[in-house]
Amino acid sequence: MALDAFDRTLIAAVQGGLPLVTRPYEAIGAMLGVDGERVRARLASMLDEGLVRRIGAVPNHYRLGFTANGMSVWDVDDKQVDALAAQVARLTGVSHCYRRTRSLPTWPYNLFAMLHGRTRAEVERQADVVAALLGTACRSRDILYSTAILKKTGLRLKGTHDV
């Protein structure tokens, strides 16, 4: 799908993140000379069209004091994984949860849930809560702890049309 001039300007304005103000769409609109409703509506249509996958907050867990972050990985019965994943995703301390294809025989895990805590012991307690929820549907598990902070970025325009 082709982007018009407004789309490119809008993407350039939001690619570094929405402003941390009460009415971010209005703030972006003021920068672009349009009202906030046009910004909101166009971003919503970009979501509907698949040009943008999601709009969401990305907290910096380290700056919030959550320095023992671990990706918990689970080998869950395929017939139950979707329903159980929905429950895991609602748990406190889980920032994202998703299903992935196994890579047998070396990687049996099909459910991933990022856990955040101030200590590894706190993360392990959260993993025990997940394990209790999964029950006998879970065959094995592990926690992969973060060893580096990776810079997260959002939508970016590339090529000669960068704004």
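Throughout, residue positions are numbered sequentially from 1 according to the sequence presented.
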Original post:
Is any side-chain heavy atom of Asp82 less than 4.5 Å from a side-chain heavy atom of Arg99?
Top reply: yes
Subject >> Which atom of Gln80 lies closest to which atom of Ala137, heavy atoms considered >> reply: OE1-CB, 3.5 Å
Original post:
Do Val39 and Leu47 belong to the same hydrophobic cluster, where Ile, Leu, Val, Met, Phe, Trp and Tyr are linked whenever their side-chain heavy atoms lie under 4.5 Å apart, directly or via other members?
Top reply: yes
**OP:** State, to 0.1 Å, how close Ser95 and His116 come at their nearest heavy-atom pair, and which atoms those are.
**Re:** OG-NE2, 2.7 Å
Original post:
Is the shortest heavy-atom distance from the side chain of Arg102 to the side chain of Asp75 under 4.5 Å?
Top reply: yes
Original post:
What's the shortest heavy-atom distance between Arg141 and Ala127, and which atoms?
Top reply: NH1-O, 3.5 Å
Below 3.5 Å, can you tabulate the donor-acceptor pairs from side chains in residues 107-114 to any protein atom, sequence neighbours excluded?
unit_1	atom_1	unit_2	atom_2	d
Asn110	OD1	Val76	N	2.8
Asn110	ND2	Val76	O	2.8
Asn110	ND2	Asp78	OD1	2.9

Original post:
Nearest heavy-atom pair of Arg40 and Glu37: which atoms, and what distance?
Top reply: NH2-OE2, 2.7 Å
**OP:** Answer with yes or no whether the hydrophobic clustering places Ile55 together with Leu51; edges join I, L, V, M, F, W, Y residues whose side-chain heavy atoms lie under 4.5 Å apart.
**Re:** yes
**OP:** Check Ile143 against Glu124 and note the closest heavy-atom contact, atom names and distance.
**Re:** CD1-CG, 4.0 Å
Original post:
Tell me, do Met71 and Asp142 make a side-chain contact under 4.5 Å, heavy atoms counted?
Top reply: no
Original post:
Is Val123 linked to Leu144 within one hydrophobic cluster, defined over Ile, Leu, Val, Met, Phe, Trp and Tyr using a side-chain heavy-atom separation of less than 4.5 Å?
Top reply: no
Subject >> With Arg53 via side chain to side chain contact (heavy atoms under 4.5 Å, CB included) - residues at least two apart >> reply: none
Original post:
Out of curiosity, does Leu115 fall in the hydrophobic cluster containing Val88 (side-chain heavy atoms, cut-off under 4.5 Å, transitive links)?
Top reply: yes
Original post:
What about Val130 and Tyr145, same hydrophobic cluster or not, with Ile/Leu/Val/Met/Phe/Trp/Tyr joined at side-chain heavy-atom distances under 4.5 Å?
Top reply: yes
**OP:** Report yes if the side chains of Leu43 and Met46 come closer than 4.5 Å at any heavy-atom pair, otherwise no.
**Re:** yes
Original post:
If you look at every heavy atom in Gln126 and Thr92, which pair is closest and at what distance?
Top reply: OE1-O, 4.3 Å
**OP:** Kindly indicate whether a cation-pi arrangement holds for Arg42 with Phe6, taking the cut-offs as under 6.0 Å to the six-membered ring centre and within 45° of the axis.
**Re:** no
Under 3.5 Å, side-chain donor or acceptor atoms of residues 16-34 against the rest of the protein: list the pairs with distances, not counting sequence neighbours.
unit_1	atom_1	unit_2	atom_2	d
Arg23	NH2	Glu26	OE2	3.1

